[in-house]
Amino acid sequence: MFLREYVPQSLKDAWRVEFEQLPQGAMTVSEYAVQFSDLARHASALVATVRERVRRFIEGLNPIIRLGMAQELEMDIVYQQVVGIARRLEGMLTRDREEREAKRSRESRTYSGTRVLMEARQGRGYMGRPVHSALPGSLLCTVSV
């Protein structure tokens, strides 16, 4: 009621345009859901059905999450369930990224020589005996250090 009486139409139009173009971007799924819901109030004609609300929400998600939610576009599912699924996907993707970064960090710390020695002990390029013992005995006597 307040909005209808005291908020200028130009501001309502600006909110509707912002809603139509709202991407998740750098926001978390939770932040995006809050902003999406706030702006959806001003664009009720664009999200008149639950299915349309769900479709618009999924389309605004970051591509990797959106891809993981393709199935939900074909289902009759309530908006809050879609938000919950997107949050779980985001959490799994975040954990995967953190695990990869931690693994990469561990590998880079051991690379300065330690990793080479470990690989040699595991049979990668490691010869079972010293090189000079593979030489014929006559060559060993003539080699001076």
Side-chain angles (χ1 to χ4, degrees), residues 1-4 6-136 139-140 143-145:
M1 177 122 166
F2 174 82
L3 288 175
R4 275 185 261 162
Y6 299 105
V7 176
Q9 186 62 41
S10 60
L11 185 54
K12 292 179 202 177
D13 291 342
W15 285 332
R16 184 183 47 74
V17 169
E18 187 178 352
F19 174 74
E20 290 176 321
Q21 300 172 353
L22 180 66
Q24 179 186 356
M27 292 184 276
T28 65
V29 169
S30 295
E31 293 167 338
Y32 170 66
V34 167
Q35 184 133 10
F36 180 90
S37 294
D38 286 346
L39 291 171
R41 292 182 304 153
H42 306 293
S44 57
L46 298 175
V47 287
T49 66
V50 172
R51 190 177 194 95
E52 186 61 26
R53 184 179 183 95
V54 165
R55 185 188 67 76
R56 284 191 176 268
F57 178 79
I58 291 173
E59 285 179 356
L61 290 168
N62 288 335
I64 194 157
I65 298 173
R66 184 174 55 236
L67 187 65
M69 300 198 61
Q71 180 179 354
E72 282 72 18
L73 285 171
E74 303 302 320
M75 300 170 54
D76 285 331
I77 187 168
V78 297
Y79 173 74
Q80 288 305 323
Q81 284 180 308
V82 169
V83 172
I85 293 167
R87 283 182 182 141
R88 284 192 298 279
L89 271 171
E90 179 181 54
M92 290 186 296
L93 291 167
T94 300
R95 279 191 302 279
D96 289 350
R97 183 176 55 248
E98 288 170 352
E99 287 172 4
R100 280 193 311 272
E101 288 171 359
K103 182 179 177 183
R104 196 173 304 130
S105 175
R106 284 192 305 270
E107 287 177 354
S108 68
R109 281 195 306 260
T110 61
Y111 187 71
S112 62
T114 308
R115 183 174 174 190
V116 174
L117 290 174
M118 289 174 57
E119 286 179 355
R121 289 186 186 134
Q122 294 171 355
R124 296 184 188 120
Y126 180 72
M127 298 185 68
R129 56 183 188 244
V131 175
H132 71 277
S133 66
L135 297 173
L139 289 177
L140 282 176
V143 175
S144 62
V145 180

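Nothing here was measured: the structure is a model prediction, and the numbers come from that model.
- Under the ring pair (Phe, Tyr, Trp, His ring centres under 6.0 Å) criterion, F19 pairs with F36, not counting sequence neighbours.
- When all heavy atoms of I65 and L89 are compared, the closest pair comes out as O-CD1, 3.9 Å.
- By the salt bridge (Lys or Arg N to Asp or Glu O under 4.0 Å) test, R16 is found to be paired with E20, residues two or more places apart in sequence or in another chain being considered.
- Between the side chain of S37 and the backbone N or O of A33, at least one donor-acceptor pair lies under 3.5 Å.
- What you find for V29 and F57 is that their closest heavy atoms are CG1-CZ, 4.3 Å.
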### Task
Decide side-chain contact (heavy atoms from CB on, under 4.5 Å) for E31 and V34; before the verdict, give the C-alpha distance in whole Å, the side-chain angles of both, and the deciding distance to 0.1 Å.
CA-CA 5 Å; E31 293 167 338; V34 167; 5.9 Å; no
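- Distance CD1/I58 to CZ/R66: 10.0 Å, rounded to 0.5 Å.
- Between N62 atom CG and E90 atom CD the span is 8.0 Å, to the nearest 0.5 Å.
- If you take CG on L61 and CD1 on I85, they are separated by 11.0 Å, rounding to the nearest 0.5 Å.
- Between the CE atom of M69 and the CZ atom of R88 there is a distance of 9.0 Å, given to the nearest 0.5 Å.
- Nearest heavy-atom pair across G60 and Y32 is CA-OH, 3.1 Å.
- The stretch residues 45-60 participates, sequence neighbours left out, in these salt bridge (charged side-chain N to carboxylate O under 4.0 Å, His left out) pairs: R51-D76, E52-R55, E52-R56, R55-E59.
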